[in-house]
Amino acid sequence: MLLLRHCRSLTPFSPLNIQRRLVTPVVASCAVRLCSSRSEDQRFYYQQLHSPYWRYGLAGLLAGTGAVLAYGLHHHKAERVDTSVLSEEKTSSFPTISQEEVTKHRSLEDGVWVTFKGGVYDITEFVAMHPGGDKILLAAGGALEPFWALYAVHNQDHVLEILSEYKVGELSVEDLRKQQAVKSSDPYSTDPERHPVLHINSLKPFNAEPPPEILTDSYITPSAIFFKRNHLPVPQVDPASFQLHVEGLPGGVLTLSLQDLKTRFPKHTVTATLQCAGNRRSEMNKVKLVKGLNWGIAAISNATWGGAKLRDVLLAAGYNPDVAQWAHHVQFEGLDKDVTGTTYGASIPLKKAVSEDGDVLLAYEMNGEDLPADHGFPLRVVVPGTVGARNVKWLGKIIVSAEESSSHWQQNDYKGFSPGTDWDTVDFKSAPAIQELPIQSAITTPADGSTIDRSQETVTVKGYAWSGGGREVVRVDVSLDGGKSWQVAQLQSSEKGLPPGPSPPTGQAWAWKLWEIEAPLPPETQEVEIICKAVDNSYNMQPDSVPPIWNLRGVLSNAWHRVKVKIREDEE
Ligand code: MTE
């Protein structure tokens, strides 16, 4: 309600007093519109603003709800006119606006501006009016194209027509050029383009997570916003000359091209969640500083992976049960190298690698497309149920061995220690390398520190839950009073939404469950602490607080997740 009130007080023009113009139309109906007085134009503008249909269309463009977009466009199409005029708009005399100016407009107070194909648009009123305005703000001050690329799959012209009503200027040529700036010659210069919505924890190497509020918008995380965890520059791999070497088996070295992997072995698809060992490290940092990237709650994502089974490839390379007498590990080497030429590496137990039910993939596809560069193009290992670190990307070599990988990341990192262990006393040899991860859950909506109107009466709480080792999440408990009382959330275990489908086979629950609950706001309180905790089918539960699980590397952070939300009392 307050948001609406705020909206009404906004002027129809931008803070810089740049007038919004309508598209130059070529069809009669639009010509009539243009010949009308400004107040009529404005009336038309406001009629459209208050029409639910087009608002949903633009919401889809900006906030990414594909279904809503389709719905909006379906209705919109019937009502609106020819859109072929859009290209002519380029010749009109909108003022030139710099990127610097656009960047200043990232809030309702300062105005919300975005750029699209060289145009500058002031979408302040739209954001203020739309219930999903907080998500739309993610695009504020920057280019809309990446959001379009991520979400809007239908009928661009019609949404563009809507957007054109908000045009306030042209982006300066200089800034347009900068958008395609020539890259420097540092080792990261060939890293791929990334989606601007990602929260960057480190640029070089690139490490980033999606904003929590969009993480659970879809059961399958779109690849562009899937969290990215790189230790080194992304290697440039030519798929035509790519070779995978499989070593250590009685058959000698087996060398396979990408084509071999695609044609000689049956293709399997597995939907599996990847989680970084450092997910939620920031909560450990609040207890006492730890070493590592300050990940929030979104160093976790869910994708459908396609590729050959590692088991099938090992069998082709000569694996037989006798090998298990002496070999216990399967090592992986990436093609990404540090300045000394050392590659990223990790290993998993042989038992997991050759298990029929282990579902370990040599994946060349992610979400139905070639693996993106950041996620290991052209080939990566996907080890369902196992910590992200062992899911080696840009895979070049597989070695069956009596030993674990000697890699730094297997031996001296990604291990858990007692809260009492510090950097003076730590002995990395004393702890096993993390493989299966513990039970985990977190709240993605509402955001910590956000405000809810009392008039809403209820709050919708959403989040994710997942457990390692193929253990299935069977329950998520949610509390709105700091843990005194609990309610059970509804689980979603497929793209189809609530309620969940059938359980996966025991021990093969590789994918997360999304969950949701609409809970009444507790009376007479101005702040609620919302908590979630999950339970898996071994009845493993999350610990209630961080201090007892604190460790110097900030890994395995899986305490009850807590967000504090303010309740705003109605002013009337
Ligand atoms: N593989 C290679 N070759 N290089 C890496 O830096 N990072 C690992 C793993 N595989 C890494 C790698 C870590 S720590 C994680 S959490 C996952 O990749 C992240 O996978 P993603 O970037 O596809 O989300």
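When a ligand or atom number is given, it counts from 1 through the structure's own listing order. Numbering starts at 1 and runs along the sequence shown. Here the structure is a predicted model, which is why all the values come from computation and not from measurement.
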For this session: Indicate yes or no for a side-chain donor-acceptor contact from Asn285 to the backbone of Val290 under 3.5 Å, with no hydrogens or angles considered.
Result: yes
Exercise. Have Thr386 and Gln435 got a donor and an acceptor in their side chains that come within less than 3.5 Å?
Worked result: no
Exercise. Do you see a donor-acceptor pair shorter than 3.5 Å between the side chains of Ser355 and Asp357?
Worked result: no
Exercise. Does Trp409 have a non-hydrogen atom less than 4.0 Å from ligand 1?
Worked result: no
Exercise. Which atoms from ligand 1 have a heavy atom of Lys228 less than 4.0 Å away?
Worked result: 22 (O)
Exercise. Is any N or O atom of Asp336, backbone or side chain, closer than 3.5 Å to an N or O atom of ligand 1?
Worked result: yes
Exercise. What atoms of ligand 1 come within less than 4.0 Å of a heavy atom belonging to Val392?
Worked result: 1 (N), 3 (N), 10 (N)
Exercise. Do the side-chain N and O atoms of Lys393 and His375 include a donor-acceptor pair separated by under 3.5 angstrom?
Worked result: no
Problem set entry | Protein heavy-atom partner closest to atom 8 (C) of ligand 1 - residue, atom, separation in Å | Tyr344 OH, 3.6 Å
Problem set entry | Mode of Thr343 contact toward ligand 1 - side chain, backbone, both, neither (heavy atoms, under 4.0 Å) | neither
For this session: Indicate whether any N or O donor in one side chain lies under 3.5 Å from an N or O acceptor in the other, for Gln331 and Glu404.
Result: no
Exercise. If you measure every N/O of Arg380 against every N/O of ligand 1, is any gap under 3.5 Å?
Worked result: yes
For this session: Number the atoms of ligand 1 from 1 as they appear, then name those within less than 4.0 Å of a heavy atom of Asn230, with their elements.
Result: 6 (O)
For this session: Name the closest protein heavy atom to atom 14 (S) of ligand 1, giving the residue it belongs to and the distance to 0.1 Å.
Result: Tyr414 OH, 3.0 Å
Exercise. So, the side chain of Arg311 versus the backbone of Asp359: is there a donor-acceptor pair under 3.5 Å, distance only?
Worked result: no
Exercise. Nearest protein heavy atom to atom 9 (C) of ligand 1, by residue and atom, and its distance?
Worked result: Gly388 O, 3.3 Å
Exercise. Does an N or O from Arg229, backbone or side chain, lie closer than 3.5 Å to an N or O of ligand 1?
Worked result: yes
Seminar exercise, completed: atom 6 (O) of ligand 1 has as its nearest protein heavy atom His231 N, 2.8 Å
Exercise. Would you say the side-chain atoms of Gln259 and Arg264 include a donor-acceptor pair closer than 3.5 Å?
Worked result: no
Problem set entry | Protein contact to atom 10 (N) of ligand 1 [nearest heavy atom, distance to 0.1 Å] | Asn391 O, 3.0 Å
For this session: Answer yes or no: does an N/O atom from Gln275 fall short of 3.5 Å to an N/O atom of ligand 1?
Result: no
For this session: For the pair His231 and Trp409, name the ring-plane relationship: parallel under 30°, tilted 30 to 60°, perpendicular over 60°.
Result: tilted
Exercise. If you measure every N/O of Phe227 against every N/O of ligand 1, is any gap under 3.5 Å?
Worked result: yes
Seminar exercise, completed: for atom 22 (O) of ligand 1, nearest protein heavy atom and its distance come out as Lys393 NZ, 2.5 Å
Problem set entry | Atoms of ligand 1 close to Cys276 [distance to a heavy atom under 4.0 angstrom, numbered from 1] | 16 (S)
Problem set entry | Ser503-Glu472 side chain donor-acceptor pair, cut-off 3.5 Å | yes
Problem set entry | Close approach of Arg390 to ligand 1, heavy atoms, under 4.0 angstrom | no
Problem set entry | ligand 1 N/O within reach of Trp394 N/O, cut-off under 3.5 Å | no
